[in-house]
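Hydrogens, waters and symmetry mates play no part in the numbers below; they use all other heavy atoms, side chains included. Positions are given from 1 along the sequence. Indexing begins at 1, ligand by ligand and atom by atom, following the structure's order.
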Amino acid sequence: MSAVLMDGKALARDIRAAVKEKCLTMKTPPTLAVVLVGDDPASAIYVRHKAADCAECGIRCLDYTLGGDTTEQRLLSLVDELNERADVDAILVQLPLPPQIRENVVLERIDPRKDADGFHPDNVGRMLQFAPRFLPCTSAGILALLRRYEIDPDGKHCVVIGRSNIVGKPTAVLMLQAHATVTICHTHTADLAAQCRQADILISAAGRAGLVRADMVKEGAVVIDVAMNRGEDGRLCGDAEPAVAEKASFLTPVPGGVGPMTRAMLMENTLRGALLRRGAAE
Ligand code: GUN
């Protein structure tokens, strides 16, 4: 058996088209402020992609690039300014931040009603109570992809590899909300392979090429590969080795699976921020 490759690129395109249609009905375009601190090359690429997505959707994108030696105070002042501005609907501070800046302090400073990433503790708490305001983009993208392929997590055993605040934890919570039985694995998990073999839906966000081997995948399982690794040959690859495609029923390719969905959900969150701020009138 060879897995159906889940086309995140195509679904992301549909989502952007729907966002664009809604944006066209609004008096002023939704506005997303993207803040990049330092010159991490991967972050610079993400930010460039985000600007292109915004242009396609009719979202105004304000880019702020600050030097790698920026102080926490300076970044907090910028966040305060963006929080205050009536023409800014959504704010994203690109992670990781340089070591002199405390990530949690910055994320808490963002107005939770403009929190495009859904990383503010207020929004994390709401998500945990299954009453979300903004959902973290990657996790929301995974759920949207499962819906598109009519894969219902209800009653399934879902194993998530990774416990980051950005992907692992929120994805586990959303799968729980979707009525899956959830196991979270991480670097201290005793027997990762044995845990993975239990999975009807295996979601890997470890960031280690080859971590998920075919012998760790149950025949017919759905495998969602969230990672973006550079292989030894310099090409992009996920956590799953290629042979996983012969065991899984569905598999997200890397690139072209979860990555485009993360960016599409950011567009949705920006639109949501604009609608929240303007009331249901528009
Ligand atoms: N860095 C890697 N992924 C993300 C993300 O989803 N949001 C932000 N702000 N930074 C990231």
Q | Thr252: side-chain hydrogen bond (donor to acceptor under 3.5 Å, both in side chains) partners, not counting sequence neighbours | A | none
**Q.** Pocket residues of ligand 1, ordered first by chain and then by residue number (heavy-atom cut-off under 4.0 Å)
**A.** Leu92, Val93, Gln94, Leu95, Asp117, Phe119
Q: Provide the full list of salt bridge (charged side-chain N to carboxylate O under 4.0 Å, His left out) pairs with a residue in residues 128-152, sequence neighbours left out, each pair given once.
A: Asp14-Arg148, Asp122-Arg133
Q) Do Ile151 and Leu251 share a hydrophobic cluster, counting only Ile, Leu, Val, Met, Phe, Trp and Tyr and linking them when any side-chain heavy atoms are less than 4.5 Å apart? A) no
Q: Give a yes or no answer on whether the side chain of Asn123 reaches the backbone of Pro112 with a donor-acceptor pair at less than 3.5 Å.
A: yes
(Q) Between Tyr149 (side chain only) and Asp7 (backbone N and O only), is there a donor and an acceptor less than 3.5 Å apart? (A) yes
Q: If a pair satisfies side chain to side chain donor-acceptor pair (under 3.5 Å) and one of its residues is in residues 217-226, list it, with sequence neighbours excluded.
A: Asp200-Lys218
